[in-house]
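Report on one structure; see the data block that follows.
None of these values were measured; they are calculated from a predicted model. Both backbone and side-chain heavy atoms feed into the values below; hydrogens, waters and symmetry mates do not.
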Amino acid sequence: MLGTEAATDLTVFASTSTGATNDSNHPLHLHSSDTPGMPLVSSPFDGRGFPGWKRSVLIAISAKNKLEFINGSCVEPKLDDKDYPLWSRCNDMVTSWLLNSLTKEIGDSVIYSRTAKDLWSSLEHRFGQSSGAKLYHLQKEISKIIQGNSSISAYFTTLKRLWDDLDSLNSYLGCTCACIVRAKGKWLNSWKIRG
């Protein structure tokens, strides 16, 4: 009987002393399978196809319940806060995951980012900007696409990929003018109707 009481006391102490780390829904929780060397995506980002790579990383980070570390909503506690070591460990883990999802050249350019959010912001700033040349080439490619000998399924898949690429580029445009937004919507809809 004495052994059972001691075991119960130990369990209660362990669950209250580590608080956030025992709750798998808490952003400071790390699962036993979370390791620093784990890549989030199958192909490291090499400077091309940022929107697709970004989406894959966001899905993986969301599945790990760590989006708060790259969007800034999990705020860094003060150094003397009891949660600081937990936050720092999780931040380092997310930083490591992001670095493992980049080629060596790109990783070397952001390795000294202080937080995972800083690293993510740096990548967004450098690669997430809409490029007029990319936009032009996508529009040109969409206007020239024909089914030819492709099956309807293959043709639609190619067209859908181009539309998604165009939409991801257009999402970076920061104009809030209602007339432009409506014009963009009409322009996109006219392309979808033609396809």
Check ion pair Arg48-Asp46 (N to O, under 4.0 angstrom): yes

Verify same cluster id: Leu99, Tyr112 (apolar side-chain graph, 4.5 Å): yes

Side chains of Asn100 and Leu40 in contact at under 4.5 Å (non-hydrogen atoms): no

Joint hydrophobic cluster, Phe156 plus Ile145, side-chain heavy atoms closer than 4.5 Å: yes

Nearest atoms (heavy-atom pairs only) where Lys66 meets His26: NZ-O, 4.3 Å

Distance (rounded to the nearest 0.5 Å) between Leu28 CG and Asn91 CG: 10.5 Å

ILVMFWY network linking Trp87 to Leu79, side-chain heavy atoms under 4.5 angstrom: yes

For Arg55, all residues meeting side-chain hydrogen bond (donor to acceptor under 3.5 Å, both in side chains), sequence neighbours excluded: none

Gap separating the CG atom of Asp34 from the CG atom of Asn65, nearest 0.5 angstrom: 10.5 Å

Short side-chain to backbone donor-acceptor contact, Thr158 and Ala154, under 3.5 Å: yes

Pairwise side-chain contact, Lys54 with Phe45, heavy-atom cut-off 4.5 Å (strictly under): no

Side-chain touch Met38/Trp97, heavy atoms, less than 4.5 angstrom: yes

Verdict with supporting geometry, Arg114 and Glu76, salt bridge (Lys or Arg N to Asp or Glu O under 4.0 Å): CA-CA 11 Å; Arg114 202 177 70 69; Glu76 179 178 0; 2.7 Å; yes

Atom pair CD/OG of Glu68 and Ser62 - distance to nearest 0.5 Å: 8.5 Å

Non-hydrogen atoms of Gly72 and Lys117 that approach each other most closely: CA-CD, 3.5 Å

Nearest heavy-atom neighbours spanning Val110 and Leu102: CG2-CD1, 3.8 Å

Distance in Å, Leu162 CG paired with Gln139 CD, rounded so as to fall on 0.5 Å steps: 11.5 Å

Side-chain touch Phe127/Ile106, heavy atoms, less than 4.5 angstrom: yes

Closest heavy-atom pair and its distance - Met93, Pro36: SD-N, 3.4 Å

Side chain to side chain contact (heavy atoms under 4.5 Å, CB included) partner of Ile70, the single match among Leu58, Leu119, Thr115: Leu58

Heavy-atom pair with the smallest gap, counting every atom of Leu30 and Cys90: CG-SG, 3.7 Å

Donor-acceptor pair, side chain of Trp120 and main chain of Thr95, under 3.5 angstrom: no

Exercise: identify the closest heavy-atom pair between Pro27 and Phe69: O-CE1, 3.4 Å

Partner set under side-chain hydrogen bond (donor to acceptor under 3.5 Å, both in side chains) for Ser109, not counting sequence neighbours: Arg126

Under 3.5 Å: donor-acceptor pair, side chain of Asp81, backbone of Lys78: no

Side chain proximity check, Asp108 to Glu105, heavy atoms < 4.5 angstrom: no

same_hphob_cluster(Leu86, Tyr84) at 4.5 Å side-chain heavy-atom cutoff: yes

